[in-house]
Amino acid sequence: MTPLVHKPVEQRDGVVIRFAGDSGDGMQLTGDQFTSQTAAFGNDLSTLPDFPAEIRAPAGTLPGVSAFQVHFSDHEILTPGDAPDVLVAMNPAALKANLADLRRGGDLIVNTDEFTPRALARVGYERSPLDDDSLESWRVHAVSLTSMTLEALKDSGLSRKEAERAKNMFALGLLSWLYHRPTAGTVAFLGRKFARQPEIAKANVAAFEAGWSFGETTESFSVSYQVKPATMPAGTYRQISGNLALAYGLIAASQRAALPLFLGAYPITPASDVLHELSKHKRFGVRAFQAEDEIAAIGAALGASFGGSLAVTTTSGPGVALKSETVGLAVSLELPLVICDIQRGGPSTGLPTKTEQADLLQAMYGRNGEAPVPIVAPRSPADCFDAALEACRIALTYRTPVFLLSDGYLANGAEPWRIPDVASLPDLRVPFATVPSDGSGYLPYARDPDNLARPWARPGTPGLEHRIGGLEKADRTGAISYDPDNHDTMVRLRQAKVDGIARSIPAMVVEDPSGEARVLVLGWGSTYGPIGAACRQVRDAGGAVAQAHLRHLNPFPTNTGDVLGAYDRVLLPEMNLGQLASLLRARYLVDVIPYNRVRGMPFKSGELVGVITDVIDSV
Amino acid sequence: MSETVPPRSGPPNGSSWPVRQGLDLVPTTADKQSAKDFKTDQEVRWCPGCGDYAVLAAVQGFFPELGLRRENVVFVSGIGCSSRFPYYMNTYGMHSIHGRAPAIATGIAASRPDLSVWVITGDGDGLSIGGNHLIHALRRNVNLKILLFNNRIYGLTKGQYSPTSELGKITKSTPVGSLDHPFNPVSLALGAEATFVARTLDSDRKHLTAVLRAAAEHRGTAFVEIYQNCNIFNDGAFEVLKDPDTRDQALLRLEPGSPMIFGTSTVKGSRTTSGAGASPTTSRGVRRGTDGGVEVCAADDPAVLTHDPALLDPSTAFAVSRLAQPTPVGIFRAVSRPTYDDLMQHQVDLATSTGSPADLGELLRAGDTWQIS
Ligand SMILES: Cc1ncc(C[n+]2csc(CCOP(=O)(O)OP(=O)(O)O)c2C)c(N)n1
Ligand code: SF4
Ligand SMILES: [Mg+2]
């Protein structure tokens, strides 16, 4: 669409927008679509969807508010942004729930049509905040979104209710104009989405265009903004969420291992999307099994692993609790198995749609007996792809269950991803056992002297018939053994095998541009973005701080102790009460300084800047 | 003896559902096998006199008849005395965790159509801790043969009552009698719409073998309840069904196409066993009752039921399964329905055989992409 009226255009280097409305208002779709346009335009970006656990919480209430935040910029960014510059509030509840976050002086776009006395009263406004001076710290744009949408669709033949539903597209059109977003993708998307209901597709496009035109003509917006594309490494890019990247990573691993992928899963937020995605890819030979519960899901996966598949189970914390006994069996059987835990707020059902990192110790220790399990954690949505490949590499190479700890923030958040060249992905092929050529019998628990992995013998291989189980096994032969010394040997062998994985993982890398830092900020998992952004801000303000991030939490990289020992202070922000901090203290006797918040939301980089600065000042 | 129950909705792309029989896809061998080939070097560690020995011998004895390659057979068990079974079978095997064998075996069967997968479970393993997995395997009709060793007691944990123990059972954990109503495993399996449901006894080698053979050749989940004597903690639980003086009155042997008649008759001074052809004057029969179930009647009652395990509607089989005196043994139900694993394989085959071969690079680049140079 070409501008009709020429309004001044201002440059911005980055903007944070939050769309907020009722659960039924389509805010996630609106945000997703704005994100797609932004990705297509070439900005760097990061998103934070934030929605209630209820599918349709009562309309117009605070618990029913659903929001989507997107941060985009002309330079590399690491987080969805601390505070929005623009808030789109579709109703009083959305305003009330989100206003405190909006940057002072920021743009506040409100749908005035929804500010009825009843809707206001519902969330405790005695009078409309639009009518008093309570919003004077912000630039308020009062827009009658609903009625303008209805007006635009009056000839569409749609009922009032149907037409009203398109108001999110009006809002999207307005924001698209305001930030010079390309629109072709959205028009095409609506055509695809409503392919079976052409009149609905047409209405949505009409509402979208009406929103755009409104921006151009209204006096409420005197300027529009441009955010130039970011300079990023050359390549082909797409936008990707953590769960999609995880699913693709698992498919990639199965292709690179030349093994069929078997997923056993039971639906649970925020992991279900991985099940949904993998269910689509039968073309790649993926078998996705929706089991009767989490125990059956991991059981079936373990069975498939015994049969020679690359086996995976996906879940969240409550599901991991159910799977624990089977994880222990997998430790004992020494079969490859990847357990993806998309962490959410706990304990118990906790906060299903919110993020947390509090399953680390569950993954590390949540089993009976000495049952070591390697742990890998992605640090950004796109990194879930690489983390999946790495988890599969460890599982296949060492014949062990492996935990992959993602979280709700990574799962649903999105960012641009430079699509890798398939040939550059690691070769994950591992040999299956073959009949010993020297005529000796098959020894299911004889080990590779280098990595201590036992052989993987697939049923169907003649001469390798063998029985394995959860009872303690004699070293080498795998026969049941109650011998005390053998048990001690086997416990130590299983531990040594997992410890030895450290030799196959890269050393921890420290980023300290000035080389003068005396404070290290360490993190793991999804805190990478906020910690990285905070460190940049500290450095921009003249401070010296080092950052390191752990992908492997069991075993740790071999240089971990040296790195921790090289700094006066080690600060460790975690979205739990200090789980990694406990592990590091116990292992390296380093008194790391924990910084813990369990609010179900990612850290804000601004908050971490303050914490880091305090620690630097204390040195 | 089987008819086909079509799935409710048709397969995608107008293709037809896979129709496979028995042990299709499991490779066979021309080599002559004997029971010895299926024995392992592991010392069998059940108590002397335990019924598990007889079942093991029967399984090892009839497996050569199937002519399957040993390497394409997998035994998976849970935990319990009976669950030690896989260690003694010279095939692939897994002794897993308590109650979970049907789930693990589902993963094996669903990913490996070339394997004959057997589940060994107990009344505690399969009906208590693992009850959920059992009913779901049955309803899915995964290609598994599930042998449930029912000794009506927890053997391995030394004699607590189980979900099949009779009400009022005195055990260590129920010194003044158990309070819970037992499951009837056959009724439970029929309720879960299992396609093959049978009951047999550890002590009747011939019957046991015949039932196991039919189970092996059934495509889909075959559920076999085996009455098994635990001579240590629940000795004689099935004695009336075994004692030559009582068994003919106590057992109803279900034979396809034969009337449901049981009992002994003294014809010309000699005792003959029940079944078709037994003298109607001293035997009795089973017919539909007025309350919807079945009842015992005179053997010459014209309403005596003829056993038909192929009936699609499981309600007659269910009604028969409710009988306690006499206790029915044999194959209650054997119908054919597409199996979960065949259908899963079918979906994968369909997806992989249409269009160009799956290309990972293409997948990763699908959707909206942009170039940065
Ligand atoms: C998770 C778990 N809970 C409890 C046990 C203890 N346990 C082992 S076998 C068993 C009962 C077995 O009874 P059944 O399945 O009837 O087998 P049987 O020994 O009678 O053949 C129990 C409770 C266990 N091994 N694992
Ligand atoms: S305890 Fe009972 S079931 Fe277990 S081995 Fe002994 S006799 Fe058999
Ligand atoms: Mg038992």
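Here is how names work: the chains are called A, B, and so on, in the same order as the sequence lines, proteins then strands, and each is numbered from 1. From a predicted model like this one, the values you see are computed outputs, not experimental measurements.
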Portion of [X] that has a non-hydrogen atom of chain A nearer than 4.5 angstrom:
X: B/Thr91; answer: backbone
X: B/Arg139; answer: neither
X: B/Pro27; answer: neither
X: B/Leu115; answer: side chain
X: B/Ala110; answer: both
X: B/Val348; answer: both
X: B/Glu362; answer: side chain
X: B/Gln42; answer: side chain

Shortest non-hydrogen separation from [X] to [Y] and the atoms involved:
X: B/Leu363; Y: A/His281; answer: CD1-CE1, 3.2 Å
X: A/Pro459; Y: B/Val74; answer: CB-CG2, 4.0 Å
X: B/Ala351; Y: A/Arg283; answer: O-CG, 3.1 Å
X: B/Glu71; Y: A/Pro462; answer: OE2-CB, 3.4 Å

Taking every non-hydrogen pair under 4.5 Å, which of [options] racks up the most with chain A?
options: B/Phe75, B/Tyr87, B/Trp370; answer: B/Trp370
options: B/Asn90, B/Ile79, B/Thr106, B/Ile135; answer: B/Asn90
options: B/Val117, B/Leu360, B/Asp359, B/Ile372; answer: B/Ile372
options: B/Arg70, B/Arg140, B/Arg69; answer: B/Arg140
options: B/Thr369, B/Thr352, B/Leu364; answer: B/Leu364
options: B/Asn132, B/Ile97, B/Thr40; answer: B/Ile97

Over 12 non-hydrogen atoms of neighbours within 6.0 angstrom of [atom1] in [X]:
X: B/Asp368; atom1: CG; result: no
X: A/Lys228; atom1: NZ; result: no
X: B/Glu193; atom1: CD; result: no
X: A/Asp427; atom1: CG; result: yes
X: A/Phe284; atom1: CZ; result: yes

### Task
Report the C-alpha distance between A/His466 and B/Tyr92 in whole Å, list the side-chain angles of each, state the deciding distance to 0.1 Å, and finish with yes or no for side-chain contact (heavy atoms from CB on, under 4.5 Å).
CA-CA 5 Å; A/His466 66 286; B/Tyr92 282 83; 3.5 Å; yes
Option that, when pairs with chain B are counted at under 4.5 Å, heavy atom only, ranks first among [options]:
options: A/Ala304, A/Ala188, A/Gly308; result: A/Ala304
options: A/Val422, A/Leu244, A/Leu464; result: A/Leu464
options: A/Thr326, A/Ile480, A/Ile240, A/Leu302; result: A/Ile480
options: A/Arg256, A/Lys282, A/Arg467; result: A/Arg467
options: A/Gly469, A/Ala479, A/Gly463, A/Gly299; result: A/Gly299

Report which part of [X] has an atom under 4.5 Å of a heavy atom belonging to chain B: side chain, backbone, both, or neither.
X: A/Phe385; value: side chain
X: A/Pro260; value: neither
X: A/Gln255; value: side chain
X: A/Ala311; value: neither
X: A/Pro233; value: backbone
X: A/Arg458; value: both
X: A/Ser309; value: side chain
X: A/Ala252; value: both
X: A/Leu333; value: side chain
X: A/Leu329; value: side chain

### Task
Would you check, one step at a time, whether the test side-chain contact (heavy atoms from CB on, under 4.5 Å) holds for B/Arg365 with A/Arg238?
CA-CA 7 Å; B/Arg365 287 188 303 273; A/Arg238 64 174 290 160; over 6 Å; no
### Partner residues of A/Glu325 under the salt bridge (charged side-chain N to carboxylate O under 4.0 Å, His left out) criterion, sequence neighbours left out
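With neighbours one apart ignored, the set is empty.
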### Message
Determine whether A/Ile298 and B/Arg100 satisfy the following criterion, side-chain contact (heavy atoms from CB on, under 4.5 Å), listing intermediate values before the conclusion.
### Response
CA-CA 10 Å; A/Ile298 187 172; B/Arg100 317 302 172 195; over 6 Å; no
### Query
Applying the side chain to side chain contact (heavy atoms under 4.5 Å, CB included) test to B/Ser111, which of A/Phe289, A/Phe262, A/Phe306 qualifies?
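Answer after filtering A/Phe289, A/Phe262, A/Phe306: A/Phe262.
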### Message
I'd like to check B/His133 versus A/Ile295 (side-chain heavy atoms, cut-off strictly below 4.5 Å). Are they in contact?
### Response
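Yes; the side chains approach each other to less than 4.5 Å.
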### Task
State, with a plain yes or no, whether a side-chain heavy atom of A/Arg287 is found less than 4.5 Å away from one of B/Asp341.
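Result no, sub-4.5 Å side-chain heavy-atom pair not found.
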